[in-house]
Amino acid sequence: MITIQNTKLKATFNELGAELVSLINLETGKELIWEGNPDFWAGKSPVLFPTVGALKDDKYVFDGATYEMPRHGFARRKFFDVKSSTESEEVVFELNSDEETLKFYPFDFSLEIKYTLTDNKLTVSYTVKNTSKNEMYFSLGAHPGFAIDTKNGLKYDDYEIGFSDDEKLEIHPLIDNLIGQQTETIYLENNTLPLSYELFAKDALVMTEMKSKELILRNHQNDHKIVFTFSNFPYFGIWAAKNADFVCLEPWQGIADLEDHNQELTEKFGILKLEISGEWKADWAVEIV
């Protein structure tokens, strides 16, 4: 485990998957990240790469060859190298292609993830580099689960998510983990989505046209509030396991396969093409206010 901290926050990471496993508000002692109870969901904040969500039949086709890929890719199951840092408030992880990854994914790459604490904010920055001799196709997503406090008389229903720029959400329902073509509309009152266990009865809320780049997770019974921001992620998911006390706020570059996808990687909805020696960057941040 790797730990960084400043006067406001303490963050801990697992070298397996470069996963954020704890984020503690040092002023209150409260843990912001889901505990990872395997009875509900064992994850905490996995990195989704080089695919987001499920592939149709867990397979894709590239250049005439068929490859198998687990849901959400393989990065969360790989150990990252820890790059040295001169700051106790920052750590950088790196994953490079190897013989094992080439069995699933025929591209050479470098994935760098930097975690930085600044006052009461944690910023997570991603850099993907194409080190192949050909164009590279990939997706990347974040999957942080934030703890919902239901102790001392509080309820899951006391929480809500505020959206900076959306009055309604167009949701793509998941059908056997694939994206349905039809959308369902959730209308927001005062740009706010009330949380409830029933909200995720049909799995995640997947959005491909969400306008907001800032979300506020808050409890209307007290002053608990975190601000979640992101950039260069065009898609978004919100999810929680059945009856579990957390909510995942998930910015994505890419989504699961559409239910009628032909499995060609180059034609996958949301896939990103990176030129030879090309570089892609994106980030998200969570701030306690």
Side-chain angles (χ1 to χ4, degrees), residues 17 46-78 95-97 100-113 124-143 170-183 203-210 213 230-239 248 250-284:
V47 177
L48 317 182
F49 176 87
T51 54
V52 172
L55 298 173
K56 192 173 185 178
D57 299 325
D58 296 322
K59 297 176 182 178
Y60 68 91
V61 177
F62 178 74
D63 201 19
T66 299
Y67 298 85
E68 294 187 1
M69 178 80 75
R71 189 180 185 191
H72 292 321
F74 53 71
R76 58 187 176 144
R77 298 181 175 91
K78 297 284 289 182
L95 178 67
N96 293 292
S97 52
E100 183 181 4
T101 66
L102 289 170
K103 296 176 183 178
F104 300 96
Y105 184 64
F107 304 100
D108 287 314
F109 67 88
S110 170
L111 168 59
E112 182 181 279
I113 305 173
V124 186
S125 305
Y126 305 90
T127 302
V128 177
K129 298 178 182 178
N130 180 7
T131 57
S132 299
K133 296 180 180 179
N134 302 292
E135 295 172 335
M136 168 182 163
Y137 294 83
F138 77 97
S139 292
L140 186 146
H143 199 319
E170 296 294 336
I171 307 299
H172 291 267
L174 287 167
I175 302 172
D176 294 328
N177 293 323
L178 303 181
I179 302 295
Q181 295 280 27
Q182 302 299 318
T183 61
D203 211 323
L205 309 183
V206 177
M207 292 154 283
T208 59
E209 297 182 0
M210 192 178 84
K213 299 301 180 184
F230 58 98
S231 65
N232 207 26
F233 286 107
Y235 314 123
F236 205 85
I238 303 175
W239 175 77
C248 289
E250 307 180 41
W252 297 333
Q253 170 60 68
I255 59 174
D257 276 352
L258 302 182
E259 57 180 331
D260 61 351
H261 181 47
N262 62 11
Q263 297 182 293
E264 287 285 346
L265 184 66
T266 60
E267 298 175 25
K268 177 177 170 61
F269 180 83
I271 200 74
L272 194 66
K273 180 173 71 174
L274 199 57
E275 302 296 333
I276 301 171
S277 301
E279 186 174 278
W280 173 88
K281 293 179 178 289
D283 60 76
W284 63 267

Less than 4.5 Å apart, side chain to side chain, heavy atoms only: is that true for [X] and [Y]?
X	Y	result
Thr127	Glu279	yes
Phe230	Lys213	yes
Val47	Ile113	yes
Leu174	Val206	yes
Pro50	Met69	yes
Thr101	Asp108	no

Which heavy-atom pair separates [X] from [Y] by the least distance, and what is that distance?
X	Y	result
Tyr137	Lys273	OH-CD, 3.3 Å
Ser139	Gly254	OG-CA, 3.5 Å
Ala75	Leu111	CB-CD2, 4.5 Å
Phe104	Tyr67	O-CB, 3.6 Å
Met207	Leu205	CE-O, 3.7 Å
Thr51	Gly73	OG1-N, 3.2 Å

Please indicate whether [X] has more than 12 foreign heavy atoms, meaning atoms of other residues, nucleotides or ligands, lying under 6.0 Å from its [atom1].
X	atom1	value
Asp260	CG	yes
Glu209	CD	no
Gln182	CD	no
Lys129	NZ	no

*Criterion side chain to side chain contact (heavy atoms under 4.5 Å, CB included) on Trp252 and Leu140, from CA distance to verdict*: CA-CA 6 Å; Trp252 297 333; Leu140 186 146; over 6 Å; no
Atom pair [atom1] ([X]) and [atom2] ([Y]), whose distance is rounded to the nearest 0.5 Å:
X	Y	atom1	atom2	answer
Asn130	Leu274	CG	CG	5.0 Å
Ser231	Trp284	OG	CH2	12.5 Å
Ile175	Glu259	CD1	CD	4.0 Å
Asp57	Thr66	CG	OG1	10.5 Å
Leu48	Gln253	CG	CD	12.5 Å
Arg71	Leu55	CZ	CG	11.0 Å

Using the ring of each side chain (for Trp, its six-membered ring), is [X] parallel, tilted or perpendicular to [Y], with breaks at 30° and 60°?
X	Y	answer
Trp239	His143	perpendicular
Phe49	Phe74	perpendicular
Trp280	Phe138	perpendicular

Whether the side chain of [X] engages the backbone of [Y] through a donor-acceptor N/O pair (distance < 3.5 Å, no angle test) should be reported.
X	Y	answer
Asn232	Lys281	yes
Ser97	Phe109	yes
Glu250	Gly141	no

*Is a salt bridge present between Lys268 and Asp257, judged by a nitrogen-to-oxygen distance below 4.0 Å?*
yes
*Below 4.0 angstrom, N of the basic side chain to O of the carboxylate: do Lys103 and Glu68 qualify?*
no
*Show your reasoning for whether side chain to side chain contact (heavy atoms under 4.5 Å, CB included) applies to Glu275 and Met136.*
CA-CA 7 Å; Glu275 302 296 333; Met136 168 182 163; over 6 Å; no
*Among side-chain atoms of Glu267 and Asn262, is any donor-acceptor pair under 3.5 angstrom?*
yes
*Will you find, in the side chains of Thr208 and His172, an N or O donor that is under 3.5 Å from an N or O acceptor?*
yes
_Aromatic ring proximity, centroids under 6.0 angstrom, Tyr235 and Phe269_ = yes
*Between Tyr105 and Phe62, is the ring centre distance below 6.0 Å?*
no
